[in-house]
Amino acid sequence: MKLPVHLALSTQSKLFLKPQSLLLLRNFSAEPTPPPPQTQSPPRESESSIVTQAVDLLRQTPQDEWTSSSQLRQLLLSSSSSSSSHSPRDFFQITRRFSSSAEALSFFNYVKSNSENENSPSLSYTFQAILEIAIREPNSQDKLFDLYKTCKENNVTLSVNAATLLLRFFGKAGMVDKSLVVYNELDEDARNTHIRNVLIDVLLRDGRVDDAFNVLDEMLDRESEFPPNDVTGDIIFYWLTKKRRPGRYVSDEEIVGLVTTFGEHGVFPNTVWLTQLITRFYRIAKGCQAWDLFHELMKLGADLEAASCNALLSGLGRDGDFKRMNQLLTEMKENNIQPDVVTFGILINRLCKSYRIDEAVKVFEEMNKGKESDGVSVEPDVIIYNTLIDGFCKVGRQEEGLSLMKRMRSEKGYAPSVATYNCLIDGFCKAGNIDMGQELFDEMNKEGVKPNVVTVNSLVDGMCRHGRIYSAVEFVKEMTYKGLKGNAITYTVLINAFCNVNNIQEAVDWFNAMCQSGCSADAIVYYALIAGLCQAGRMKDASFVASKLKAAGFYPDIVCYNVMIGGFCRRNKLDEAYEVLKEMEGAGMKPDCVTYNTLISYFCKSGKFSVANSIMKRMAKDGIMPTVVTYGALINGYCLDGDIDEAMKIFKEMSSSSKVSPNTVIYNILIDSLCKIGKVESALSLMDDMGNKGVKPNTATYNAMFKGLREKNMLEKTFNLMDKMVEHACPPDYISMEILLEWLSEVGETEKLKKFTQEFRVSPSPA
DNA sequence: TTAGGGTTAG
């Protein structure tokens, strides 16, 4: 695998800066310095004899005698030298053996003053070696630019490696302006692709995006003499995938354009980078850009692999874009890109998450089919099985999930993983079969599959949802004792459970326990407690927890703000509600339909209909349409105000003119109000209306009716409705039972009630 | 591949 450029570079620079021979007092290092890997230095062979001889001679001759030494002149400068190998690289090697740049510079001056050709490549190489020595010396920052100036004054052409060295050195030292000076003073034809790559890298690292792009644009020009190569691509693609790029923001359109233009030069990002870019686009909700980029590259003939397709597929899946997923699969086939197990996993997972488990099973079966035909055959792995098992559980078919686990074991010999068990435990627990959840928990322990915090949370959630809060608490304590500590999710489940049964104190205690346990909280657990406290009307505490949330580095989101606004409204603290609203807007969040509905509901309940109306106007101005909840608030308000006529007027308006159709709650408000003022017949006709419109009555609807019917002693109608409840499997609650029990006992119809309740007998609850 | 989320009308 090719080393990413940044890695290659940093390793080099480490080698480069290795302190060398600084302690040696001799003129020359004892050992030749190994050439830095980036230089195009001669192959590592034994030094030519001329180098060895010259080094020895130079060592023996005092510096002020070099000029007069005919031996030295003979060896190095004479064209009739026997070795005849005055290759520039010899000068490079000789110079490198000096232990200080000052001495090396003296050598340069000696060579220069005795050289016939002022522009000799030997001088270039000698100078390169001087720079390499200087870079390792103290105060190299000042020294290097002075040396560069000396080089220019002497009209010595910078070698490619020397130029590279200077560009990179000044870049690293934060002296990018000097890098630019060096680059700009290079001969036109010396600014080749290699040099440009170095400069672009230096500029990008310094955040000079536009300067870098200027250099790059010349390269990307169709007529460019120095087109980009793979290294250019590596530099740009690596930089594009970096999380934090210094310098100006580069738009997604620019990125797509850039990668595409590279593609036109036959330079493509590798699979890893392309995959990262696609993933990145999806994370910032720019899936379209990912799609376009992928297809541009496909058109340009890039070698695309399954991993990049998978990134695209999973993004499309998250967006629910099955159409494009199918298109991409077809394109993969056409372009001979073999799907892998991840590809199938994404497809199966998406189908499962859309509750299309039967289709998911079909895809699963196709994985194996290829074996028989000439198609592709991909062996499903445990993850694929787990995905399907979870899919079954999520649609309430946990029994089938269980048999799939058995099949996986018997047919494939795969042992279930902790995730397999977690999916099943969660499935059975959600369905209320806590016992089966616990059985599976025992089974995994017996098999040596270690439960994790997900296992615990699934069981705890199941217990809490099905009225076994204290079993859940015991279980959490037992697991903690055994070393399996809960996390934020565990605490959220418990806090919600206690809030739901109105035991706020216990919820608060668990929150405090979490803070003390050292478990790292997230925003959600704060939201849960804030909501519970608001529900309980403990607004001071709610505000306190909100301040703790902020102190912990989280931010309230719009739902959290709405919860608090609602809490203050319910407590009749409008000023505080507005304070929260102001804070919310200050945080850049605009009120949404819930915010508006909360305020409208408050004013309607207080009979301030004109204020409610002006809020509705502002809501419309903000482009938010009234919802069924808005109408419910108005209708409820007028009903409470005793103005049923106005309530009915709004109801009729919404039914006829607006696009919002009334729901059960709207009917319930009206039916309840009509019954309360004795208009039972009107209430009954509203129930008929519900039937006609396909709006289902619920227990609350029947309860409202029962109360009204009881006042009028309309027994027959009541029996009628009780039959309907049975027919529609709408179970009575304790309110229905209270009304009916009292009334029907009075009139001696307990037998009817007994039969009625028997119809709703549920299987014995494990609680 | 697996676990948790809080609003508004009755």
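In what follows, every chain begins at residue 1, and chains take the letters A, B, ... in the order their sequences are listed. This is a predicted model, so every value here is computed, not measured.
Across the protein-nucleic acid pair, A:Lys548 atom NZ and B:dG6 atom P stand 21 Å apart, rounded to whole Å. The distance from atom CG of A:Asn349 to atom C1' of B:dT1 is 7 Å, rounded to the nearest whole Å. In this structure, A:Ile671 places its CD1 atom 19 Å from P of B:dA9, rounding to the nearest Å. For A:Ile489 and B:dG6, the CD1 to C1' distance is 15 Å, given to the nearest whole Å. Between A:Asn452 atom CG and B:dG4 atom P there is a gap of 14 Å when expressed in whole angstrom units. For A:Tyr602 and B:dT8, the OH to P distance is 16 Å, given to the nearest whole Å. Taking atom CE of A:Met405 as the reference point, atom P of B:dT1 lies 20 Å away to the nearest angstrom. Remark: P of B:dA9 and NZ of A:Lys605 are 4 Å apart, rounded to the nearest angstrom.
Counting only heavy atoms from C-beta on, A:Cys423 has its side chain closest to B:dT2 among B:dG4, B:dT2, B:dG6. Proximity note for A:Asn668 (side chain, C-beta onward) versus B:dG10, B:dG4, B:dT8: the nearest is B:dG10. Each of B:dG4, B:dG6, B:dT2 was ranked by its minimum atom distance to the side chain of A:Ala419; first place goes to B:dT2. The listed nucleotides are B:dG6, B:dG10, B:dA3; the one nearest the side chain of A:Ser458 is B:dA3. When distances run from any side-chain atom of A:Asn597 to the nucleotides B:dT8, B:dT2, B:dG10, the shortest one goes to B:dT8. Taking every side-chain heavy atom of A:Lys394 into account, B:dA3 is the closest of B:dA3, B:dG4, B:dG10. Nearest to the side chain of A:Thr387, among B:dT1, B:dG4, B:dG10, sits B:dT1. Each of B:dA3, B:dT1, B:dG5 was ranked by its minimum atom distance to the side chain of A:Tyr527; first place goes to B:dG5. Residue A:Asn386 places its side chain closer to B:dT1 than to any other of B:dT2, B:dT8, B:dT1. When distances run from any side-chain atom of A:Lys430 to the nucleotides B:dT1, B:dA3, B:dG5, the shortest one goes to B:dA3.
Between A:Tyr631 and A:Phe651, the ring centre distance reaches or exceeds 6.0 Å. Taking the six-membered ring for Trp, A:Phe364 and A:Tyr385 have ring centres closer than 6.0 Å.
Applying the 3.5 Å distance criterion, the base of B:dG6 shares no donor-acceptor pair with the side chain of A:Asn562. Counting atom types as modelled, A:Asn663 pairs a side-chain N or O with a base atom of B:dA9 as donor and acceptor under 3.5 Å. On a pure distance criterion of 3.5 Å, no polar donor-acceptor pair joins the side chain of A:Asn487 and the base of B:dG4. A donor and an acceptor atom sit less than 3.5 Å apart, one in the side chain of A:Asn457 and one in the base of B:dA3.
A:Asp688 places no side-chain N or O within donor-acceptor distance of the main-chain N or O of A:Gly691, the cut-off being under 3.5 Å.
In this structure, the separation between CZ on A:Phe344 and CD on A:Glu366 is 7.5 Å, given to the nearest 0.5 Å.
Ring-plane geometry between A:Trp510 and A:Tyr491 is classed as tilted, the angle between the planes lying from 30 to 60 degrees on a 0 to 90 degree scale.
A:Ile669 comes within 4.0 angstrom of sugar-phosphate atoms only, judged by non-hydrogen atoms across all strands, and of no base. Using a 4.0 Å heavy-atom distance criterion, A:Val563 is classed as a sugar-phosphate-only contact. Residue contacts for A:Val665: at a heavy-atom cut-off of 4.0 Å it reaches a base atom on one of the strands shown.
A ring pair (Phe, Tyr, Trp, His ring centres under 6.0 Å) check over residues 517-554 of chain A, counting only residues at least two apart or in different chains, returns the pairs A:Phe511-A:Tyr526, A:Tyr526-A:Phe554.
Applying the 4.0 Å criterion to OP1 and OP2 of B:dT2, one finds that A:Lys353 has a side-chain N or O inside that range.
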